[in-house]
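Since we're looking at a predicted model, the values are computed, not measured. Both ligands and their constituent atoms are indexed starting at 1 by order of listing.
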Amino acid sequence: MKTIITQSIDEAAALLDEGKLVAIPTETVYGLAGKFGIHEVHNEIYKVKGRPADNPLIVHIGDVSWVKELTNQTTPFLEPLMQHFFPGPLTLILKKASHISEYFCAGLDTIAIRMPEHPIARAILKKVNIPLVAPSANLSGKPSPTSSMDVYEDLNGKIPLIVEGGRCQIGIESTVVSLIEDKPRVLRPGIITQKEIEHVLGFSVECGGKGRCISPGMKYRHYAPKTPIQMFTDLEDVQECSLQSWILSYEGELPGSIPFSSYSLYQKFREADRLNISKIYIYLSSNLLNQTALMNRIQKAANQA
Ligand code: TXA
Ligand code: MG
C-alpha cells in the first residue's frame, strides 16, 4: 500500500467514510483515526499498530453533544470538566452506553472520550460527522508521533493517508481522567494537571491506578526509544559519555546540554534512534521532578515505571 501525505481534509474524510484508516494531527500527538463502532476498522487499528487487544481506544468527538450517544452515565463532574477543557487535551472515562458492544471497548464496560482542539482534527470530525477512534499513530511501544514524518516512519505502507498538520503543539498525550468511581481519578498525567482539574471541581481528586489496573494501557512499556535512557542528578554519574551519547536537561537548565520540554521529548527520542545515539542521559532536576506528565513519560521510557 502506498502511503500519501496530504493537506486535504476532504480526501481524509472520504477515506474514513469508506472505513479506511487515516493518521490525523491533534494538539497532543498524531492519532491513527478510523470510524468508531465498525469491527473491521477496530481490528485494522490493532493490527497496524501491533497493539495488545486488551488496550482500549479513545473515541474522538466533534461536539460535546455527541457525548450522550456514547455514555448514559450521569455524574456531576462531567459538565464542569467538559465546559473547561473540551475541546482540548483531556480524555474522560465514563460507563459506556448500553447499545455499544463491549467489543469496541476492548471488553470493558467503559469508554474513553476526547474532543480534540486541533483545527484539522475538528474539521475532519465535522466532515465525517461520526465519532472516530484514534490511538496515537505510532507502532505499539514506540514514542507517540508528533509530526507527519514520525507517523510515516512507523506506518509507511500500512495506511493509505497521513494528514499534514505540522508539529503537534503539546507533544505528549492527553490527560486521562476516570469518572466511573465516587471521586474522579487521574489515570494518565498530561499537560492539564491534577491541580487544574481540582481547581475546576473544587475538591481533591485521586491519582494513579487503584489496586487493579483500570487503564489497561498503563501496564505496557511505552513511549520508549531503542536508545537506552539513564537519569542522573550528579554529572559524575555520567559514565562512558562520548560523542555518541546525549545529555538532555529540562529547558536546557544544565549548561552545555541539549534542551527539551514536553513539546520536544518524543522528537528527541526519535532523533536519537535515527542517529544511532548509544545512550540518552537525562538530568533529573527539581524543576523536571515537578513536571508530573513529563516525568511519567521519561520513567516509562527508561523502564522505571
Ligand atoms: O492525546 C491523546 O490522548 C492521543 C490523541 C491521538 O488523541 N491518543 C492517545 O491514545 O494517546 P492511546 O490509545 O495511545 O492512549 C489511550 C490511553 C491508553 O492508556 C488506554 O489504555 C487508555 O487511554 N484508555 C482507553 N480507554 C480506556 C478505558 N475505557 N478505561 C481506562 N483507560 C482507557
Ligand atoms: Mg499510545
CD1-NE2 distance between I170 and H118, expressed to the nearest 0.5 angstrom: 10.0 Å
message: Does the residue K96 have a heavy-atom contact with ligand 1, meaning some pair of atoms that are separated by less than 4.0 Å?
response: no
message: Does this structure show an ion pair linking R270 with E153, if we count only N-O contacts that are shorter than 4.0 Å?
response: yes
message: If you count heavy atoms of other groups shown closer than 6.0 angstrom to CD of E196, is the number above 12?
response: yes
query: Should one rank I93, L94, N138 by closest heavy-atom distance to atom 33 (C) of ligand 1, which comes out on top?
result: I93
message: With respect to S136, determine whether any N or O atom, backbone or side chain, lies less than 3.5 Å from an N or O atom of ligand 1.
response: yes
- request: Look only at interatomic distance and state if K49 has a nitrogen or oxygen under 3.5 Å from any nitrogen or oxygen of ligand 1.
  value: no
query: T28 heavy atoms, cut-off 4.0 Å: which ligand 1 atoms fall inside?
result: 1 (O), 2 (C), 4 (C), 5 (C)
Interfacing atoms of ligand 1 (cut-off 4.0 Å, heavy-atom, G31): 6 (C)
task: Flag E173 as yes when one of its N or O atoms lies below 3.5 Å from any N or O atom of ligand 1, and as no otherwise.
output: no
message: Test of understanding: given a 4.0 Å heavy-atom threshold, classify the contact between R51 and ligand 1 as side chain, backbone, both, or neither.
response: side chain
- prompt: Quick one: does F203's side chain get under 4.5 Å of K183's, heavy atoms only?
  reply: yes
task: Identify, by atom number and element, the atoms of ligand 1 in contact range of N55, meaning under 4.0 Å from any of its heavy atoms.
output: 18 (C), 20 (C), 21 (O)
query: Does CG in D234 sit with more than 12 non-hydrogen atoms of other residues, nucleotides or ligands closer than 6.0 Å?
result: yes
message: Quick check on the Mg ion (ligand 2): does S144 put an N/O/S atom closer than 2.8 Å to it?
response: no
- prompt: With a 4.5 Å heavy-atom cut-off, do L70 and F36 have their side chains touching?
  reply: yes
task: Go through ligand 1 atom by atom and flag the ones less than 4.0 Å from a non-hydrogen atom of S174.
output: 1 (O), 2 (C), 3 (O)
- request: Taking the side chain as every heavy atom from C-beta outward, state whether K279 and W246 have any atom pair closer than 4.5 Å.
  value: no
query: Does ligand 1 have any atom that is closer than 4.0 Å to a heavy atom of A134?
result: yes
task: Could you see which bit of T110 sits under 4.0 Å from ligand 1, with heavy atoms only: side chain, backbone, both or neither?
output: both
Crowding at NZ, K158 (>12 non-hydrogen neighbours, <6.0 Å): yes
